[in-house]
Amino acid sequence: MRLSRLFTKTSKNVPADETAKNAQLLIQAGFIHKEMAGVYSFLPLGLKVVNNISQIVREEMDAIGGQELLMPALQLKERYEATGRWDDKVVDNWFKTKLVNGTELGLGFSHEENLSPIVKQFINSYKDLPIAPYQIQTKFRNELRSKSGLMRGREFIMKDMYSFAISQEQHDEFYAKAQAAYLKIYDRLGIGDSTFLTFASGGSFSKYSHEFQTLSEAGEDTIYLNRERKIAINKEVYTDEVLADQNLKREELEEVRAIEVGNIFSLGTKFSKPFDVTVTDEAGKLVTLLMGCYGLGVTRLMGTIAELFADDKGLVWPEAVAPAKVYIARLGDSPDAVKQADGLYDHLTQAGVGVLYDDRDMRPGAKFADADLLGIPYRVVVSDKTAAAGSYELKARQSEESHQLGLPELLKSLGTTS
RNA sequence: CGGGGUGUAGCGCAGCUUGGUAGCGCGCCGCGUUCGGGACGCGGAGGUCGUGGGUUCAAAUCCCGCCACCCCGACCA
């Protein structure tokens, strides 16, 4: 992408109606645009990040047997009456609306009520199990108070997977796989070192649910962490009984703030029973399936990553999620510099490397400042000097030093050789 | 939903106390000079002052209602 053609711009001014660091920076850098409290548009650069995160999540879900589908946002009242979840006293964050003919609808906050009937239609035998359909889709939750930028939105993108198993053993086996897949996702996103498996309240069908908490003062949760064992206990279940269960002692735990970046839990037959989701087992007997639910907030992760790595110059994206890997800052518009920069841009683009090419008529300082604010992992400066020397100046976003490199060395440093 | 705060040009703000032709910075357009860490000069464009009502000869400014946004709290299968 040539920056001269990118329709979004960075701003020197910090937005006044945001105090959360993630929202301030993402807006300043032109990644997102605020529509209302807790509702944002994802602009070209921001959407790249969303898609990069989604793709990693998708790959890891597919790797454990997940099957992607897409369910609707519009929800029928009857479905939720079957599980008791239409009642505002049971689910207090519904957005509700109506068809012209008066039929009541809601905007989906979770999709057990959609998926159960779908599974009932197709799955009739133990031989078909287990299965784990998932989607990456926009969720609506009418939060009393949305806040902290992308951390708690009223409309946000979430990956939600639901597993269906015939036995507790089968369920547990998949649940464990999902747990491992989640940790892998956080590793790939670059936040693995500060993300911890956390025991939280389990609801009516299992003792615990498992959260994945990323350490950050911007978080809303308080957890008690054992760094050595890489596990934590959410404050909401921080009791002697739970400590004993996990063989943890209060003295070896530290109290920290964290962001919930994922939550998995067992649902038992809570949703399969009302919809009569049963299969025939080996003995020819009807068995109601056991379900699990595996949530992960894609846009919240984007906010978390922004919040976690940002420095005083702006965003700092891990390579895996960055909207581009390389920022080419072309200084000046002499024929030599243009030729060298255009050549590099074409070369990297053809090699499949994501590039933001700053071909704008701006002074060097402004370009460097933008490269930093946008948080692109690598910056390559091309100028009359480098053109004359036949070299390129490479600097990593988080490094103070730059290096003069020839083309082969540059390409090698950027992880491409072609 | 309770408490606190804020709405004035695309963005960030001043003006409001004490009513009288709406201003600054960034950004934008034109010309010129600049060009390795957010350049400078000159000239320009751009505003129903959140919204509805009230007081007044006159309202961004005073009064009342409403809406939106931010923060704290409560809430978050």
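Reckoned from all heavy atoms, side chains included, excluding hydrogens, waters and symmetry mates. Every chain is numbered from 1, with letters handed out A, B, ... down the list of sequences.
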Tell me the interatomic distance from [X], atom [atom1], to [N], atom [atom2], rounded to whole angstroms.
{"X": "A:Asp333", "N": "B:U34", "atom1": "CG", "atom2": "P", "value": "14 Å"}
{"X": "A:Met362", "N": "B:G37", "atom1": "CE", "atom2": "P", "value": "14 Å"}
{"X": "A:Arg360", "N": "B:G37", "atom1": "CZ", "atom2": "P", "value": "16 Å"}
{"X": "A:Leu43", "N": "B:C11", "atom1": "CG", "atom2": "P", "value": "14 Å"}
{"X": "A:Asn22", "N": "B:C70", "atom1": "CG", "atom2": "P", "value": "12 Å"}
{"X": "A:Leu374", "N": "B:G38", "atom1": "CG", "atom2": "C1'", "value": "13 Å"}
{"X": "A:Lys139", "N": "B:A77", "atom1": "NZ", "atom2": "C1'", "value": "13 Å"}
{"X": "A:Asp17", "N": "B:G5", "atom1": "CG", "atom2": "C1'", "value": "14 Å"}

Q) Where each residue is assigned the nucleotide of RNA chain B containing its nearest heavy atom, which of A:Arg154 and A:Glu236 is assigned the position nearer the 5′ end? A)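 Between the two, 5'-proximity favours A:Arg154.
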**Q.** Upstream residue (5' side of RNA chain B) when A:Phe368 and A:Glu260 are each assigned their closest nucleotide
**A.**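 Nearest nucleotide further toward 5': that of A:Phe368.
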If you check every side-chain atom of [X], which of [options] has the closest atom?
{"X": "A:Leu373", "options": "B:A77, B:C69, B:G38", "result": "B:G38"}
{"X": "A:Lys395", "options": "B:G38, B:G37, B:C76", "result": "B:G37"}
{"X": "A:Lys147", "options": "B:G36, B:C71, B:C69", "result": "B:C71"}
{"X": "A:Leu144", "options": "B:G37, B:G36, B:C75", "result": "B:C75"}
{"X": "A:Asp92", "options": "B:G38, B:G36, B:C75", "result": "B:C75"}
{"X": "A:Ala16", "options": "B:G37, B:C70, B:G12", "result": "B:G12"}

Pick the [atom1] atom in [N] and in [M], then give their distance to the nearest Å.
{"N": "B:G54", "M": "B:A59", "atom1": "C1'", "answer": "11 Å"}
{"N": "B:C63", "M": "B:G5", "atom1": "P", "answer": "15 Å"}
{"N": "B:A14", "M": "B:U8", "atom1": "P", "answer": "10 Å"}
{"N": "B:G46", "M": "B:C72", "atom1": "C1'", "answer": "38 Å"}
{"N": "B:C26", "M": "B:G53", "atom1": "C1'", "answer": "36 Å"}
{"N": "B:U18", "M": "B:G23", "atom1": "P", "answer": "24 Å"}
{"N": "B:C28", "M": "B:C69", "atom1": "P", "answer": "29 Å"}
{"N": "B:U55", "M": "B:C64", "atom1": "P", "answer": "15 Å"}

If [N] has a Watson-Crick or G-U wobble mate with both distances under 3.5 Å, name it; if not, just say none.
{"N": "B:A45", "value": "none"}
{"N": "B:G25", "value": "B:C11"}
{"N": "B:G2", "value": "B:C72"}
{"N": "B:G20", "value": "B:C57"}
{"N": "B:U33", "value": "B:A39"}

(Q) Using only modelled atom types and a 3.5 angstrom limit, is any donor from either the side chain of A:Asp370 or the base of B:G38 paired with an acceptor on the other? (A)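 Such a pair is found, so the answer is yes.
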Q | Heavy-atom donor-acceptor pair, A:Asn13 side-chain to B:C11 base, under 3.5 Å | A |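 Indeed, a donor on one side and an acceptor on the other fall under 3.5 Å apart.
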Checking all strands, does [X] fall into the base, sugar-phosphate, or nothing category for heavy-atom contacts under 4.0 angstrom?
{"X": "A:Arg330", "value": "nothing"}
{"X": "A:Val14", "value": "sugar-phosphate"}
{"X": "A:Phe265", "value": "base"}
{"X": "A:Asn93", "value": "nothing"}
{"X": "A:Gln28", "value": "nothing"}
{"X": "A:Lys367", "value": "nothing"}
{"X": "A:Asn142", "value": "nothing"}

Residue [X] excluded, over 12 heavy atoms near [atom1] under 6.0 Å:
{"X": "A:Lys412", "atom1": "NZ", "value": "no"}
{"X": "A:Glu220", "atom1": "CD", "value": "yes"}
{"X": "A:Asp62", "atom1": "CG", "value": "yes"}
{"X": "A:Lys48", "atom1": "NZ", "value": "no"}

Distance-only, no hydrogens or angles: does the [X] side chain make a donor-acceptor pair with backbone N or O of [Y] under 3.5 Å?
{"X": "A:Thr103", "Y": "A:Leu99", "answer": "no"}
{"X": "A:Ser41", "Y": "A:Leu43", "answer": "no"}
{"X": "A:Arg300", "Y": "A:Met151", "answer": "yes"}

Q: Evaluate side chain to side chain contact (heavy atoms under 4.5 Å, CB included) for A:Tyr294 paired with A:Asn263, printing each intermediate quantity in order.
A: CA-CA 6 Å; A:Tyr294 313 81; A:Asn263 188 193; over 6 Å; no
Q) For the ring pair A:Phe164 and A:His171, is the centre-to-centre distance below 6.0 Å? A)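 That pair fails the under 6.0 Å test.
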Q) Among A:Leu348, A:Leu344, A:Ile328, A:Val380, which residue meets the side-chain contact (heavy atoms from CB on, under 4.5 Å) test with A:Tyr357? A)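 By the side-chain contact (heavy atoms from CB on, under 4.5 Å) criterion, A:Tyr357 pairs with just one of A:Leu348, A:Leu344, A:Ile328, A:Val380: A:Ile328.
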(Q) Assess the residue pair A:Phe271 and A:Arg85 against the criterion (side chain to side chain contact (heavy atoms under 4.5 Å, CB included)); give the C-alpha distance rounded to whole Å, side-chain angles, the decisive distance to 0.1 Å, and a yes or no. (A) CA-CA 11 Å; A:Phe271 298 98; A:Arg85 293 212 289 182; 3.4 Å; yes
Closer than 4.0 Å, any side-chain N/O of [X] to the OP1 or OP2 of [N]?
{"X": "A:Thr19", "N": "B:C71", "result": "yes"}
{"X": "A:Lys9", "N": "B:G10", "result": "no"}
{"X": "A:Arg145", "N": "B:C72", "result": "yes"}

**Q.** B/S/- contact track for nucleotides 39-50 of chain B, protein heavy atom under 4.0 Å
**A.** B-----------
